[in-house]
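See below for the structure under consideration.
Residue numbers start from 1 in every chain, and the chains themselves are labelled A, B, ... in the order their sequence lines are given, proteins ahead of strands.
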There are 4 protein chains.
Amino acid sequence: MPKTPAPPLGDAAATPPARQRRKAERPQELLDAALAQFVSKGLAATRMDDVARQAGVSKGTLYLYYPSKDELFKAVVRNSVVTVLTEGSDIVDRFEGPTSELLHTLMHTWWSRIGASKASGIFKLVVADVGNMPELAQFYLDEVIVPTHQLLGRAVERGVARGEFRAFDVTAVVQSLMASAQFLMLYPYCVGSLPDHPFPLDAETFMKTQMELLLHGLEVPRGHA
Amino acid sequence: MPKTPAPPLGDAAATPPARQRRKAERPQELLDAALAQFVSKGLAATRMDDVARQAGVSKGTLYLYYPSKDELFKAVVRNSVVTVLTEGSDIVDRFEGPTSELLHTLMHTWWSRIGASKASGIFKLVVADVGNMPELAQFYLDEVIVPTHQLLGRAVERGVARGEFRAFDVTAVVQSLMASAQFLMLYPYCVGSLPDHPFPLDAETFMKTQMELLLHGLEVPRGHA
Amino acid sequence: MPKTPAPPLGDAAATPPARQRRKAERPQELLDAALAQFVSKGLAATRMDDVARQAGVSKGTLYLYYPSKDELFKAVVRNSVVTVLTEGSDIVDRFEGPTSELLHTLMHTWWSRIGASKASGIFKLVVADVGNMPELAQFYLDEVIVPTHQLLGRAVERGVARGEFRAFDVTAVVQSLMASAQFLMLYPYCVGSLPDHPFPLDAETFMKTQMELLLHGLEVPRGHA
Amino acid sequence: MPKTPAPPLGDAAATPPARQRRKAERPQELLDAALAQFVSKGLAATRMDDVARQAGVSKGTLYLYYPSKDELFKAVVRNSVVTVLTEGSDIVDRFEGPTSELLHTLMHTWWSRIGASKASGIFKLVVADVGNMPELAQFYLDEVIVPTHQLLGRAVERGVARGEFRAFDVTAVVQSLMASAQFLMLYPYCVGSLPDHPFPLDAETFMKTQMELLLHGLEVPRGHA
DNA sequence: CATGAATGAGTGTTCATTCAT
DNA sequence: CATGAATGAACACTCATTCAT
């Protein structure tokens, strides 16, 4: 019976042997497991055992990749948020059309990539534990907050430059958008955690409404000259 | 009818023996200490010893008043937020003048009573730990979220009834306000925890701006007929 | 208005004022409460609070009468067992009639005074805790075991002296009787603690049977000369 | 058919690595240590630390094998008594010869396996703590008392069936035997705990005497027709 | 005398981290 | 590399004992 044929030369890197492929994927598998556990139980209440079991490895293996619980947590944060920001930046650069539409696009992209995924739980974790991990604060500021501000700031400035928006304190507008995003991210961990609660929140509707309010306050009054 | 003779001026009866006076004040002292510790270190990272020491009592005494860490935490939440809500309700009932001003008043009252105090840290704690304390979720919904919605909802409806605001989804407006409040409460535990950060947030300005944006989107266009 | 008349001389001790009577009865009330608690929960699992509450006094008062838990326990033991032994001794001295009947009488007196009362639980406690209280062992030996041996030994010797019993190792007979008594005292704390158990033990029947077996082995064979 | 080559003489596979061999032996080592500690100090007074130290492991390791103190205790009881009962049952099945001799054999087997070993202290523990552990009561009844009754009951019935014993209430005879056994088990924890006590108890003599009394009361009068 | 608030040493249990295999 | 047995520091909670009132 023919063995698995040797991969053609030059292609070896593309399909490594199963063991190596496994090894290459391990870090991501561990981070996924850790994210799920951290988000659902909180940092302190999650045991390294839980993470390892969910990832299907032993506790020792987990420590082979991440030297401590704190480092694992930081790696989870890093892994979950950074990649998305470059995507948003591209959108701002390339977008053509009204800025209000750009903002809608950014918001929806964020929602589909972060807000609606488990990654939204990271914000909860950062808020909860940043007080005991000073380096995490700096990291989160540098890697998340600042880029986000720049990203959104550029979008708003685009609107002003194009005469679509009133001249308005850009930081204030950005913070307004971030407040909305944070609200959406935390809602599931607040009232949303109860099976029946009186204020069901549809994210799409919420974003649309907030955006409408914001833009109405932002846009240059038109047509009643 | 012979009465107990009136105590001498200064009313000795009004100043019970030191031990009793202490016992009457203990619960609040313990709650204050617990709030400070919980907020600064998180629920899991705070030891009962820490709380007791900060309150100047032994650990045993702490357990004399609160039977467990969880109960202590719930008492802290109760103590810090519930009283303020009735105050806000009174303001809405008695307010005369434009609704925009009422909203400003409410926002500033909230800020001075909750937002600017350590009590703001409670929101962080609730978000962080509600996942492991299901009863807390219900409690927070019943005692904080629902009353807050009602309070703000009544204020917004007042504006609509008086013809000041457009007819608008009340819940959306309330959520917008709560998003701003949450943003302010969490800011110190996010980027704000760093000594020097590039987005210093002045709460007064932030509230003013958000309110301005919101009201601009809310108010009935006037005078350009 | 006439005060309570002074009690006539010589009678004061018989009817002391209520408060003093209360005080005089306190120790017994405390011992009763302690016995009940110790027996039902064991020494280690009984809190001084429990004893005090059952006795209707504060914990401080309990310590006013007994300086420690250990001392309280010893007092309970002393109080419950010692008095009965003198009664048994009297019976042996005065008894007239067959010795087999004397043994029956002693057994039933023991049962009604000790075996059937809560005092039987003391044996359980002594067995359980004597290992950690060396003085208790000596006390129990001196005050309970030795007198009991002497009491029963005299009864058996009477039977031998009167020609009713074979000459037999007295200690062995006494131990046989004590084994039966211990069995009865411990039964409730062993299988007897279960609501439905397959070996219901009627104490009267048990004692009668054991005595019958013992006497049958002890009595001088009669009448088949 | 190619087999795995036979291991060299001495069978290396039979001696697993030290770590695994240790793991296989750990439970028994822990149970031995726990038995010794429990018996000498009582359940409540024994700290898990003590057990661990005596077993030469850390406290954490102890919890690796037994999830709580209560479970450890139950495992000790199980381990110490259950195995012996099957041995006794075998003896009854196979015995040939007079039933009085069978009873002697059973008694001596019990003494060498249980009575004279530390396992006798388990009875003390059960008596002392069964009140606070309802499941233990049921377990002890099912696993110890009932089998013991059956075992001894069969032996007594054998004597009656073979015409050696009078027809007698079997339960009463069994209880008489158990009373003797309990007396022997508790003696060391009662007067026996003192270095010099006036009633030294030689177990062999005691058993012989009790058996003699019992059998004399039980056996069919012979030969003086 | 009586109270009960206060104490703090003590213990069961958990879990991040290590390391022999 | 991977494992999982072992560790031990840490912490919530209890309760016998004290003492100011």
Expected output is a numbered-order residue list: members of residues 32-51 of chain B with a heavy atom under 4.0 Å from any atom of DNA chain F. What is it? B/T46, B/R47, B/M48
With D/F38, which residues qualify under ring-ring contact (aromatic ring centres under 6.0 Å, His included), at least two apart? D/F73
Taking atom types as modelled, is there a side-chain donor on D/Q54 or D/D32 under 3.5 Å from an acceptor on the other? no
Quick one: D/K59 NZ to E/dT14 P, roughly how many Å, whole number? 11 Å
Name all residues meeting the salt bridge (Lys or Arg N to Asp or Glu O under 4.0 Å) criterion together with C/D50; count only those two or more places apart in sequence or in a different chain, and write none if there are none. C/K41, C/R47, C/R53
For the side chain of B/S80 and the backbone of B/A119, is there at least one donor-acceptor N/O pair under 3.5 Å apart? no
Side-chain N,O (B/T61) to OP1/OP2 (E/dA6) below 4.0 Å: no
For DNA chain F, the residues among residues 62-79 of chain D that have a non-hydrogen atom under 4.0 Å from it: D/L64, D/Y65
Are the side chain of A/K124 and the backbone N or O of A/V39 linked by a donor-acceptor pair below 3.5 Å? yes
Pairs counted as Watson-Crick or G-U wobble with both distances under 3.5 Å: what dot-bracket string results for DNA chain F, using | for bases tied to another strand? .||||||||||||||||||||
Quick one: which residue pairs count as a ring-ring contact (aromatic ring centres under 6.0 Å, His included) with a foot in residues 45-64 of chain C, not counting sequence neighbours? none
Spatial distance of atom CD (C/E29) from atom OH (C/Y65) [nearest 0.5 Å]: 9.0 Å
For the OG1 atom of A/T61 and the CZ atom of A/R26, what is their distance to the nearest 0.5 Å? 6.0 Å
Find out whether B/L72 and B/M48 are in side-chain contact, i.e. whether some heavy atom of one side chain is under 4.5 Å from a heavy atom of the other. yes
Just by distance, do the side chain of D/K74 and the backbone of D/L136 share a donor-acceptor pair under 3.5 Å? no
